[in-house]
Amino acid sequence: MKKANTDKLTPRQRADLASIAALPDESIDLTEMPEARSLSGAKRGLFYRPVKQQLTLRIDADVVAWFKENTRDGHGYQTEINRALRNFMQSQRKKAG
C-alpha cells in the first residue's frame with residue numbers, strides 16, 4: 001500500500017489536521033457518518049500487489065511447456081510458475097520454523 005503523500009499540504013492544512021487529531025473522541029460529531037457495513041463478505045489481500053522483480057531465469061524446456069499446457073491458452077503460465085515457487089517457499093518456511 002502506498003503511503004499518503006503529506007508533502008503537498010499547506011501549513012494551514014497541517015495545522016487543521018493537527019487540531020483535529022488533538023480532539024478527544026467524544027467531541028467528534030459522527031451523526032452524518034454512514035453506518036458501518038458488515039465485513040463478513042470482505043476478501044483479505046484482494047488488492048495486495050507484491051513487488052515484482054524482473055530477471056532472466058533459465059528453466060528446463062519441459063517444465064515451461066508443462067506450465068504453458070496447463071494454463072488457459074498458455075496465458076498466465078508465468079503467474080502459475082510464480083505461484084508454484086511461492087507455495088514451495090512457504091512450505092520450506094513452515095519446515096524451518
Side-chain angles (χ1 to χ4, degrees):
M1 182 186 311
K2 292 182 179 179
K3 288 179 81 176
N5 187 353
T6 58
D7 294 339
K8 298 178 183 176
L9 295 177
T10 65
R12 166 78 189 244
Q13 290 170 324
R14 288 177 191 266
D16 288 345
L17 287 174
S19 65
I20 292 169
L23 289 173
D25 289 347
E26 56 274 355
S27 68
I28 299 173
D29 180 15
L30 302 175
T31 56
E32 294 184 18
M33 185 174 177
E35 194 173 317
R37 297 177 182 233
S38 169
L39 297 177
S40 61
K43 295 181 182 177
R44 186 176 192 172
L46 183 63
F47 299 105
Y48 171 69
R49 297 275 188 243
V51 176
K52 301 286 186 177
Q53 179 178 353
Q54 185 173 351
L55 66 124
T56 301
L57 180 66
R58 294 187 178 273
I59 301 175
D60 294 340
D62 59 332
V63 173
V64 174
W66 186 89
F67 276 95
K68 283 185 176 182
E69 290 168 6
N70 289 281
T71 55
R72 184 176 45 92
D73 300 325
H75 291 81
Y77 74 95
Q78 292 177 344
T79 301
E80 291 303 314
I81 292 171
N82 188 71
R83 186 173 290 128
L85 290 170
R86 177 169 297 284
N87 288 339
F88 178 77
M89 176 189 73
Q90 290 172 341
S91 70
Q92 294 301 303
R93 281 183 176 167
K94 285 180 185 176
K95 286 181 185 177

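As the structure is a computational prediction, the values presented were derived from the model and not from experiment.
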Indicate, with yes or no, if Met33 and Ile28 share a hydrophobic cluster defined by side-chain heavy-atom contacts under 4.5 Å among Ile, Leu, Val, Met, Phe, Trp and Tyr.
yes
Measuring from atom NZ of Lys68 to atom CD of Gln78, what distance do you get when rounded to the nearest 0.5 angstrom?
8.5 Å
If Ile, Leu, Val, Met, Phe, Trp and Tyr residues are connected whenever their side-chain heavy atoms lie under 4.5 Å apart, and connections chain through other members, are Ile20 and Leu9 in the same group?
no
Common cluster, Ile81/Leu55, ILVMFWY with side-chain heavy-atom separation under 4.5 Å:
yes
My understanding is that only residues two or more places apart in sequence, or in another chain, count here; which of them pass salt bridge (Lys or Arg N to Asp or Glu O under 4.0 Å) with Arg86?
none
Which pair of non-hydrogen atoms, one from Gln13 and one from Lys8, has the smallest distance, and what is that distance?
OE1-O, 4.1 Å
Hydrophobic cluster membership, Leu57 vs Tyr77, 4.5 Å side-chain cutoff:
yes
According to a hydrophobic-cluster definition based on side-chain heavy atoms being under 4.5 Å apart (Ile, Leu, Val, Met, Phe, Trp, Tyr only), do Ile59 and Phe67 belong together?
yes
Which pairs, with at least one residue in residues 20-42 and sequence neighbours excluded, count as a side chain to side chain donor-acceptor pair (under 3.5 Å)?
Asp29-Thr31, Ser38-Ser40
